[in-house]
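Accompanying notes for the structure given below.
The analysis underlying the following values was restricted to heavy atoms, covering all of them including side chains, and did not include hydrogens, waters or symmetry mates. Nothing fancy with the numbering, it's 1 onward along the sequence.
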Amino acid sequence: MDADVPALTLQPARFAALGPAYCQAVAPQPLPAPAWVGVSAPAARALGLPQGWTDERHLHALSGNGLLPGAVPVATVYSGHQFGVWAGQLGDGRALLLGDRAGPDGVWEVQLKGSGRTPYSRMGDGRAVLRSSIREFLASEAMHALGIPTTRALCVTGSPAPVWRETVETAAVVTRLAPSFVRFGHFEHFASLRDEAGLRALADFVIDHFYPGCRQPEGPADTAPWHDPTLDGPSLPWATEGCANPYARLLEAVVRRTATLLAAWQAVGFCHGVMNTDNMSILGLTLDYGPYQFLDAFDSRHICNHSDHGGRYAYARQPQVAYWNLHCLAQALVPLLDDTEQALAALTPYRGTFLNALHRRMNAKLGLGAPQEGDAERVEALLRLMEADRVDYPIFWRRLTDAVAEGALAHEARAATGALGPVRDLFLQRDAFDAWAAEWRTRAQIDGRDAALQRMRQANPRVVLRNHLAQLAIERAQAGDPSGVAELLDALLHPDADPAHPALTDFPPEWASRLCISCSS
């Protein structure tokens, strides 16, 4: 790397070219004595950065102390529904879009989160704390490693500067990456202003850069390989096939991406925690990691966000909430559509797309191929049994995977009983599990052990980002030792491998259930 040329150079963001109605220029506010807390090598490679790029210039620029070459920072405006209630104008209250970076596989928007106040901060300070920044950094890269569409995180830097949340904490900045950070709320904003021209320009921007197929009436409106076709299965017929209105086709493309994203969340046991419309990505990415959680004991009613007093965003409600949010997006797009019936038609593929993707993902977790009659009922019966006995969700799936590797699908009853023993031990209702396992073995034997094991290893991570693991890394970093962040990140980037520390795959400690994760997280 040339000592005089920073590796991370940018171009002004394409989004900023839409003009001042969409974003405002803002300078980041500096932080004293910044230090590296975590760096993602895979994210750096996605940006085309060389080895050794983490020098003092980048440390300061990515902490808000100066600008990267080519950066023209802006904060974007949007509106949205929060906890089901119209909240009016919102916007990037603590985030700045620095610019675009062309990487080996496409263009990325580079954004700082926690870099100070913006015109949209309302009563906030524009800062992020170390605790929440580490959580977002780890979750972004962990979800990517699991193959779930997500924004990315290049790095997190910390500073001793004090920030007040429930108590005094220290400041941090996350450098976030995405092809686009455009949200449902951006569309709701211009719809709420009755600014049809502004709404159309925003929709045209999204179509031209990310959904060009929407301008072709015939065929799928979205051909980008965002989701694993082996898990999501064959595409259902497009409701807007032959439709000349590109905005209706855009709506359906977003509906389909969102449905497959929610199926991925549900299958891996991910709870987002705050699925407001301003936290929903127009590209079907997991966006804005706050009070998220990966399930420990399986509980379909689990509420991970302690600020969610009514349980609106409980785990089992996430798919329906996403559909409700899509209705809000559809309503915002109505001025660009031929009629409301066109909006309703574009929404219709949601249920079928979600169920198709979920069935295939759950089948993969069980080692099964394409869904057959009775598979969905078999999964539902298993989940009811897991919920009744409070079975640990990640550990069940890995023990089942290991059981298949050790011969659980063999025809000999003794071999099956022995291999399934550690799985059976997770249940209180042993007879009920035995009955379920007998049916599952018969079904799984159709494709054979090798095919089943390959599917299960891909679908059932050995390491997931449980809240207590993140908390332990956070506490070490707060004490001045960021090595725990690097160790945990390394394990999360290789979710199927045996981690260096066995505790990363063990049951959560008793104190984990008392962790309070709220919107400030």
Side-chain angles (χ1 to χ4, degrees), residues 142 145-148 228 230-231 264 266-270 294-298 358-372 374-375 378-379 381-383 385-386 389 391-427 429-466 469 488 490-508:
L146 292 172
I148 298 176
D228 185 347
T230 65
L231 292 178
Q266 299 303 107
V268 80
F270 176 77
F294 288 85
L295 290 175
D296 292 328
F298 183 75
L358 182 63
H359 290 166
R360 288 181 174 271
R361 285 184 175 273
M362 296 307 294
N363 264 26
K365 294 177 78 66
L366 289 169
L368 311 179
Q372 298 181 11
D375 284 352
R378 187 173 295 106
V379 170
L382 171 63
L383 294 179
L385 186 58
M386 292 176 68
D389 289 355
V391 172
D392 187 280
Y393 194 73
I395 287 178
F396 167 82
W397 292 112
R398 281 312 306 193
R399 285 193 182 183
L400 191 67
T401 303
D402 292 342
V404 170
E406 294 169 11
L409 297 185
H411 289 285
E412 297 83 358
R414 180 176 298 177
T417 302
L420 282 172
V423 188
R424 190 175 188 266
D425 289 344
L426 296 171
F427 292 83
Q429 304 174 67
R430 304 288 173 79
D431 290 345
F433 172 74
D434 290 343
W436 177 88
E439 290 189 5
W440 163 74
R441 288 182 63 250
T442 300
R443 170 70 175 89
Q445 286 168 349
I446 294 175
D447 291 338
R449 170 189 176 277
D450 291 345
L453 193 56
Q454 181 179 6
R455 296 186 187 107
M456 296 175 80
R457 283 176 170 164
Q458 292 175 347
N460 298 328
R462 193 174 297 278
V463 180
V464 296
L465 183 56
R466 297 180 189 256
L469 298 178
L488 181 52
D490 182 66
L492 294 169
L493 292 177
H494 307 91
D496 187 49
D498 287 317
H501 303 285
L504 296 178
T505 60
D506 205 350
F507 290 96

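To the nearest 0.5 angstrom, Leu469 atom CG is 11.5 Å from His501 atom NE2. In this structure, Leu400 CG and Arg424 CZ are separated by 14.5 Å, a value rounded to the nearest 0.5 Å. In this structure, Met456 CE and Asp496 CG are separated by 11.5 Å, a value rounded to the nearest 0.5 Å. Remark: Met362 CE to Leu382 CG distance equals 7.0 Å, nearest 0.5 Å. For the atom pair CZ (Phe396) and OG1 (Thr401), the distance works out to 9.0 Å, reported to the nearest 0.5 Å. Here the straight-line distance linking atom CG of Asp506 with atom CD1 of Ile395 works out to 6.0 Å at 0.5 Å rounding.
Between Trp436 and Trp440, the ring-plane angle classifies as parallel under the 30° and 60° cut-offs. Classified by interplanar angle (parallel below 30°, tilted 30° to 60°, perpendicular above 60°), the ring pair Phe433/Phe427 is parallel.
Lys365 contributes no side-chain N or O that, together with a main-chain N or O of Asn460, makes up a donor-acceptor pair within less than 3.5 Å. Arg462 places no side-chain N or O within donor-acceptor distance of the main-chain N or O of Arg398, the cut-off being under 3.5 Å. Side-chain atoms of Arg466 do not come within 3.5 Å of backbone N or O of Phe294 as any donor-acceptor pair. Remark: the backbone N or O of Ala408 is paired with a side-chain donor or acceptor of Arg441 at under 3.5 angstrom.
Summarising the geometry of Leu465 relative to Leu488, their closest heavy-atom pair is CD1-CD2, 3.8 Å, with the distance given to 0.1 Å. The minimum heavy-atom distance between Ile148 and Val268, with the atom names listed, is CD1-CG1, 3.8 Å. Contact record, Ala405 with Arg457: CB-NH2, 4.0 Å, taken as the closest heavy-atom pair. Nearest heavy atoms, Ala145 versus Pro495: O-CG, 4.0 Å. Taking every heavy atom of both residues into account, Asn363 and Pro371 meet most closely at ND2-CA, 3.3 Å. In plain terms, the two heavy atoms of Pro508 and Asp296 that are nearest each other are CG-CG, 3.8 Å.
Take Asp490 and apply the salt bridge (charged side-chain N to carboxylate O under 4.0 Å, His left out) test, not counting sequence neighbours, and it matches no residue. Arg378 meets the salt bridge (charged side-chain N to carboxylate O under 4.0 Å, His left out) test with Asp375; sequence neighbours excluded. With sequence neighbours excluded, the residues satisfying side chain to side chain donor-acceptor pair (under 3.5 Å) with Gln429 are Asp389.
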Check step by step if salt bridge (Lys or Arg N to Asp or Glu O under 4.0 Å) holds for Asp425 and Arg399.
CA-CA 10 Å; Asp425 289 344; Arg399 285 193 182 183; 5.5 Å; no
Determine whether Tyr393 and Leu383 satisfy the following criterion, side-chain contact (heavy atoms from CB on, under 4.5 Å), listing intermediate values before the conclusion.
CA-CA 9 Å; Tyr393 194 73; Leu383 294 179; 4.2 Å; yes
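Counting heavy atoms from C-beta on, the side chains of Leu366 and Trp397 come closer than 4.5 Å. For the pair Pro461 and Leu146, the minimum side-chain heavy-atom distance is below 4.5 Å.
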